[in-house]
Amino acid sequence: MKHNAPKDMPQWVHKAVETINPEGSSHFLLVCEHASNRIPPALDRLGLSPEQIESHIAWDPGALEVARRLSSSLDAPLVAACVSRLVYDCNRPPESPDAVCTLSENDPIPGNLNLTPAQHQARVEQVYEPFRQTLANLLANRVTRQQPTLLVTLHSFVPVYKGVPREVEIGILHDSDSRLADLMLEAPLNSPPRVVRRNEPYGPADGVTHTLKEHALPLGLPNVMIEIRNDLLQQSAGQQQIADLLQQQLQRAARSLLSDHPTPPPTE
């Protein structure tokens, strides 16, 4: 049940969500929930240092750059969050303890401690709801047009987490619908060879598939969450290489999934 924030709640978030290429003709709809490390000035950096805000605890470095490249090459719409996940994680429902985290990896988040219900609800109303509604509206419009849609969310992760190295380079994640993930995992990424694994370094048990569950599963849309190790994305060349590899995998999977469902002509 949704509880609205107080009517006199100040509007401190200037922009919560951006839609890139909204009229894109692709079957794919791309999402980047952790695209930005921006913290609204009213929150006083959540008590964090500039170095912490630049680090992975505040966002997914490189993910938006890959998502933008895929949006361009696939001609796909892209919905991207414009606020740090430390303010509100748009890949978590409001009732999740991780929606507004108080500890990220080993870093306490002072500005998230002891929030009142009204302060928490302000985060929901000003960050999550605009993001959720933008994505829901875009999907609804595509359903109305009978446009086949595959939902793809893009993330990055650190090579070492809590002192443990991660061998996996690209994770192909899914919840109960594995159709798109299965097809992507059928053919290895060989240019150069990449360590690609199912539901690593995270999986559904970690609560990371909220966007897929909220927006794709109820509509029966094929979907996947892609995690990229962020040391591969530090330079423009690496971002382009990963985007090219993912484009090939996604297009091959789409051809298989949608071979019996051609795109209908645009409606007037």
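This one's a predicted model, so the numbers in the text were calculated from it and none came from an experiment.
- Side-chain N or O atoms of Glu105 include one that pairs as donor or acceptor with a backbone N or O of Lys162 at under 3.5 Å.
- In terms of heavy-atom proximity, Pro40 sits nearest to Val87 at CD-CG2, 4.0 Å.
- Put simply, the side chain of Arg38 gets close to the backbone of Cys82: a donor and an acceptor are under 3.5 Å apart.
- Between the CG atom of Leu139 and the OG1 atom of Thr134 there is a distance of 11.0 Å, given to the nearest 0.5 Å.
- Clustering ILVMFWY residues whenever any of their side-chain heavy atoms sit less than 4.5 angstrom apart, transitively, puts Val196 in the very cluster that holds Ile228.
- A distance-only check finds no donor-acceptor pair linking the side chain of Glu129 to the backbone of Val124 [under 3.5 Å].
- Under a 4.0 Å N-O distance rule, the pair Arg68/Glu65 does not qualify as a salt bridge.
- Criterion: ILVMFWY side-chain heavy atoms under 4.5 Å apart, direct or through other members. Under it, Ile242 and Val224 are part of a common hydrophobic cluster.
- Counting all heavy atoms, side chain and backbone alike, Cys90 lies closest to Ala81 at SG-CB, 4.4 Å.
- Residues Arg92 and Val208 are in side-chain contact: their nearest non-hydrogen atoms beyond the backbone lie under 4.5 Å apart.
- With sequence neighbours left out, the side-chain contact (heavy atoms from CB on, under 4.5 Å) criterion links Ser178 to His174, Asp182, Arg198.
- One distance of note links CD of Glu227 with OG of Ser156; it measures 7.0 Å at 0.5 Å rounding.
- Within the structure, the ring-ring contact (aromatic ring centres under 6.0 Å, His included) test picks out the following pairs touching residues 32-88 (sequence neighbours left out): His34-His155, Tyr88-Tyr128.
- Side-chain N or O atoms of Asp175 include none that pairs as donor or acceptor with a backbone N or O of Pro204 at under 3.5 Å.
- A side-chain donor-acceptor contact under 3.5 Å links Asn223 to the backbone of Leu221.
- With Ser104 contributing its side chain and Asp107 its backbone, the two residues share no donor-acceptor pair below 3.5 Å.
- Gln241 places a side-chain heavy atom less than 4.5 Å from the side chain of Arg194.
- The CG atom of Asp231 sits 8.0 Å away from the CG atom of Leu233 when rounded to the nearest 0.5 Å.
- Judged by distance alone, with hydrogens and angles left aside, the side-chain atoms of Arg45 form no donor-acceptor pair with the main-chain N or O of Ile39 at under 3.5 Å.
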Donor-acceptor contacts, no H, no angles, side chain residues 211-220, under 3.5 Å, sequence neighbours left out:
{"unit_1": "Thr211", "atom_1": "OG1", "unit_2": "Glu33", "atom_2": "OE2", "d": "2.6"}
{"unit_1": "Thr211", "atom_1": "OG1", "unit_2": "Asn91", "atom_2": "OD1", "d": "3.0"}

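- Surrounding CG of Asn106 are more than 12 heavy atoms belonging to other residues, nucleotides or ligands, all under 6.0 Å away.
- Ile109 has its side chain out of reach of Thr102: every pair of non-hydrogen atoms, C-beta onward, lies at least 4.5 Å apart.
- Between the side chain of Asp206 and the backbone N or O of Gly203, at least one donor-acceptor pair lies under 3.5 Å.
- Shown here for Val83 and Ala16, the closest heavy-atom pair between the two residues is CG2-CA, 4.1 Å.
- Looking at Asp89 and Cys101, their side chains never come closer than 4.5 Å, going by heavy atoms from C-beta outward.
- The main-chain N or O of Leu183 is found under 3.5 Å from a side-chain atom of Arg252 such that the two form a donor-acceptor pair.
- Within the 3.5 Å criterion, the main-chain N or O of Ala67 finds no donor-acceptor partner in the side chain of Ser71.
- Among all heavy-atom pairs drawn from Arg142 and Ser26, the shortest one is NH2-O, 2.7 Å.
- A side-chain donor-acceptor contact under 3.5 Å links Asp75 and Asn21.
- To the nearest 0.5 Å, atoms CZ (Arg69) and CG (Leu30) are separated by 14.0 Å.
- Annotation: side-chain contact (heavy atoms from CB on, under 4.5 Å) contacts of Glu167 (sequence neighbours excluded): Val195, Arg197.
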request  = Begin from the C-alpha positions of Leu78 and Cys32 and carry the test side chain to side chain contact (heavy atoms under 4.5 Å, CB included) through to its verdict.
outcome  = CA-CA 7 Å; Leu78 165 61; Cys32 194; 4.3 Å; yes
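- Remark: Pro110 engages Leu48 in a side-chain contact (heavy atoms from CB on, under 4.5 Å) (not counting sequence neighbours).
- Connection of Leu138 to Leu74 is not established within any shared hydrophobic cluster, with ILVMFWY side chains joined at heavy-atom distances below 4.5 Å, either directly or through further cluster members.
- Rounded to the nearest 0.5 angstrom, Glu169 CD and Glu200 CD are separated by 12.5 Å.
- Between Phe157 and Val168 the shortest side-chain heavy-atom distance falls below 4.5 Å.
- Considering only residues two or more places apart in sequence or on other chains, Asp44 meets the side-chain contact (heavy atoms from CB on, under 4.5 Å) condition with none of them.
- Side-chain contact annotation: Asp244 with Gln240, donor-acceptor N/O pair under 3.5 Å present.
- Environment of CD in Glu23: sparse, with no more than 12 heavy atoms of neighbouring residues, nucleotides or ligands closer than 6.0 Å.
- Taking hydrophobic clusters as Ile, Leu, Val, Met, Phe, Trp and Tyr residues chained together by side-chain heavy-atom distances below 4.5 Å, Leu150 does not share a cluster with Val31.
- Note: Glu18 CD to Ser36 OG = 9.5 Å, rounded to the nearest 0.5 Å.
- Proximity of His27 to Pro222: side-chain heavy atoms (C-beta onward) are nowhere separated by under 4.5 Å.
- Residue Ile57 comes nearest to Arg85 through the heavy atom pair O-NE, 3.3 Å, listed as atom of the first residue, atom of the second, then distance.
- Summarising the geometry of Thr116 relative to Gln119, their closest heavy-atom pair is N-OE1, 2.8 Å, with the distance given to 0.1 Å.
- Applying the side chain to side chain contact (heavy atoms under 4.5 Å, CB included) test between Leu173 and each of Asn199, Ile226, Thr153 identifies Asn199 as the sole match.
- Residues Val152 and Leu64 fall within the same hydrophobic cluster, defined by Ile, Leu, Val, Met, Phe, Trp and Tyr side chains chained together at heavy-atom separations under 4.5 Å.
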